[in-house]
Number of protein chains: 2
Amino acid sequence: MRGFAKVAPMPASSLRATDEAPAKRPRGRPRKTVAERDDGNRRGELLRCAAKLFRRKGFDATSTRDIAAAVGMRSGSPFYHFKSKGALLFSVMQEGMQSAIARQQQALEAAQCNAPNIASRLRILIRNHFEILLGSGSDFIPVMLYEFRSIRAQQRRQLERLKDEYQQPWIPVLEALHASGQLKADVKLARLLIFGALNWSARWYDPRKAAGLDDLTEAAIDLFLGERI
Amino acid sequence: MRGFAKVAPMPASSLRATDEAPAKRPRGRPRKTVAERDDGNRRGELLRCAAKLFRRKGFDATSTRDIAAAVGMRSGSPFYHFKSKGALLFSVMQEGMQSAIARQQQALEAAQCNAPNIASRLRILIRNHFEILLGSGSDFIPVMLYEFRSIRAQQRRQLERLKDEYQQPWIPVLEALHASGQLKADVKLARLLIFGALNWSARWYDPRKAAGLDDLTEAAIDLFLGERI
DNA sequence: CCTACCGATCGGTAGG
DNA sequence: CCTACCGATCGGTAGG
């Protein structure tokens, strides 16, 4: 629980500035302890807390006041960092996707050295996907998956492009498995069904219960490729 | 576009009734044409329109005024049929699930006569599931799937029970497929992954495009059972 | 089922 | 980043 100092309200001198210059930088206020300052991370804290709340309660059911309170701000302050609630949601999704793409890239590069066969290449993609989706502290992708209705068409198109970029490495893998007979289903439909199976896990997976991400990965591989691996 | 007659506002005589009896039945008002009366279906129209809006815009983003307008009512009137917006959502989900259970029962009974093998039993369940989920005019189940956060814990438990009832017939089928080696994955995880693959289709399926529900069913069977069918 | 209305809440902003 | 505030909207209700 992060408290913040209560400050006696100052009498507001209601002089109206006549110049229309936009507000520049915040001026000095009584600082918190040095450990709490790290101003550069306030934006990141907002993103993380917003993602958590958006995931648990939904975008519309989360007020900007909820988010502000979660990071110890007053109600108007999130708008110093994001120009609207929708922009905050979009940033959550966009940065979530960019991070997911980067992590997948790394996972693939690390695996390249092991020169794996094509089926274990799928295993790596699936295992990494579960990690991104269900790993600790990752609410960004679930928000991206479950709040798509709350963003405007133009931003949705940007996110679609990131999603395509993310799915790109999966396509040759699935095609190779199809060509070798390990995956019989139509490749395009198989991809849609597979991502459904994986993504839905964000709805039911409980990290406190038995199955770990490795178990999940094995079950998925067994389901999609049977014993032909 | 269903218009409704504009009525000149009557001067409100502001006598306050002192008895606290709840409002009984609606008393006479100038009727619409006979064809439009069918009072018994107003509740059903509300459910259908609400489901459509909840699916497209989300529960929180849909106002009770939106719903009222969609069926040609004034803003307060939905509360004559449902005691709250949440009760309307719950009814959509509950009646959607009850209908789904009934339709699945029928599909299984119809198939019983054909004495199918176990794999085609799974095919029947999957095909019926796609029909319920993606068939024309069925927004109830997608709403049930995507608005679970918007209902209270107690009602959620009721819906969980209906969901269990729906999934009940799938379990012996999957277990038999597992026993016969046609399904290698752990049965419980396989069930979760399979429902994910199927349910996610409500997100991407477009009836105007190429693939029909039969194609989808084939792809799903191929993916889950490979060529071992 | 309509009219007229209420209290609460919300996203956002001006000014400092 | 806080204070103080605004306009809009929303779920819901009393009374008929």
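Here the structure is a predicted model, which is why all the values come from computation and not from measurement. In what follows, every chain begins at residue 1, and chains take the letters A, B, ... in the order their sequences are listed.
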Novice: For A/Thr62, does its backbone N or O pair with a side-chain atom of A/Lys85 as donor and acceptor, under 3.5 Å?
Specialist: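 Here the side-chain-to-backbone pair exists.
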Novice: Starting from C1' on C/dC10, measure out to NZ on A/Lys57 and report it in whole angstrom.
Specialist: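 The answer, rounded to whole Å, is 12 Å.
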Novice: Any Lys/Arg nitrogen of B/Arg43 or B/Glu95 sitting under 4.0 Å from an Asp/Glu carboxylate oxygen of the other?
Specialist: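 Salt bridge present between B/Arg43 and B/Glu95.
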Novice: Of all heavy-atom pairs between A/Asn128 and A/Gln104, which one has the smallest distance, and what is that distance?
Specialist: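 Distance-wise, the nearest heavy atoms are OD1-CA, 3.4 Å.
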Novice: Once you round it to whole Å, what is the distance between P of C/dC10 and CG of A/Leu53?
Specialist: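 After rounding, the gap between these two atoms is 12 Å.
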Novice: Runs of at least three consecutive Watson-Crick or G-U pairs, both distances under 3.5 Å, are what I'm after; which ones involve DNA chain C?
Specialist: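 Ordered by first number, the stems with DNA chain C (at least 3 consecutive pairs each) read C:1-16 with D:1-16.
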Novice: Quick one: B/Arg65 CZ to D/dG11 P, roughly how many Å, whole number?
Specialist: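 Value for this atom pair: 7 Å.
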Novice: For the pair made of CE in A/Met73 and P in D/dT3, what is the distance, rounded to whole Å?
Specialist: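 My rounded result for the distance is 13 Å.
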Novice: To the nearest Å, give me how far apart CZ (A/Arg74) and P (D/dT3) are.
Specialist: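 In whole Å, D/dT3 P lies 4 Å from A/Arg74 CZ.
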Novice: Checking all strands, does B/Ser77 fall into the base, sugar-phosphate, or nothing category for heavy-atom contacts under 4.0 angstrom?
Specialist: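 Answer is base: heavy atoms of B/Ser77 come under 4.0 Å of a base.
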Novice: Give the rounded distance in Å between these two atoms: CD1 of B/Ile67 and P of D/dG11.
Specialist: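 That distance rounds to 8 Å.
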Novice: C/dG11 P sits how many Å from A/Asp60 CG, rounded?
Specialist: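 In whole Å, C/dG11 P and A/Asp60 CG are 9 Å from each other.
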Novice: Less than 6.0 angstrom from the centroid, inside 45 degrees of the normal: does B/Arg161 satisfy that with respect to the ring of B/Tyr166?
Specialist: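 So B/Arg161 doesn't make the cation-pi contact.
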Novice: Is the phosphate of C/dG11 approached by A/Thr64 (side-chain N or O, under 4.0 Å from OP1 or OP2)?
Specialist: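 A/Thr64 to C/dG11 OP1/OP2: side-chain N or O found under 4.0 Å.
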Novice: Can we call the ring centroids of B/Trp170 and B/Phe195 under 6.0 Å apart?
Specialist: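 When the ring centroids of B/Trp170 and B/Phe195 are compared, they turn out to be within the sub-6.0 Å range.
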Novice: Please figure out whether A/Gly86 or B/Ser75 has its closest DNA chain C nucleotide nearer the 5' end.
Specialist: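 Residue closer to the 5' terminus by nearest nucleotide: B/Ser75.
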Novice: For A/Leu189, is there any backbone N or O sitting under 3.5 Å from a side-chain donor or acceptor partner on A/Asp186?
Specialist: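 Yes.
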Novice: Round to the nearest Å and state the distance from A/Phe79 atom CZ to D/dC6 atom C1'.
Specialist: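 Rounding to the nearest Å, CZ of A/Phe79 and C1' of D/dC6 are 14 Å apart.
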Novice: Run the salt-bridge test on B/Lys57 and B/Asp66 with the 4.0 Å N-O cut-off and return the result as yes or no.
Specialist: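 Salt bridge flag = yes for B/Asp66 with B/Lys57.
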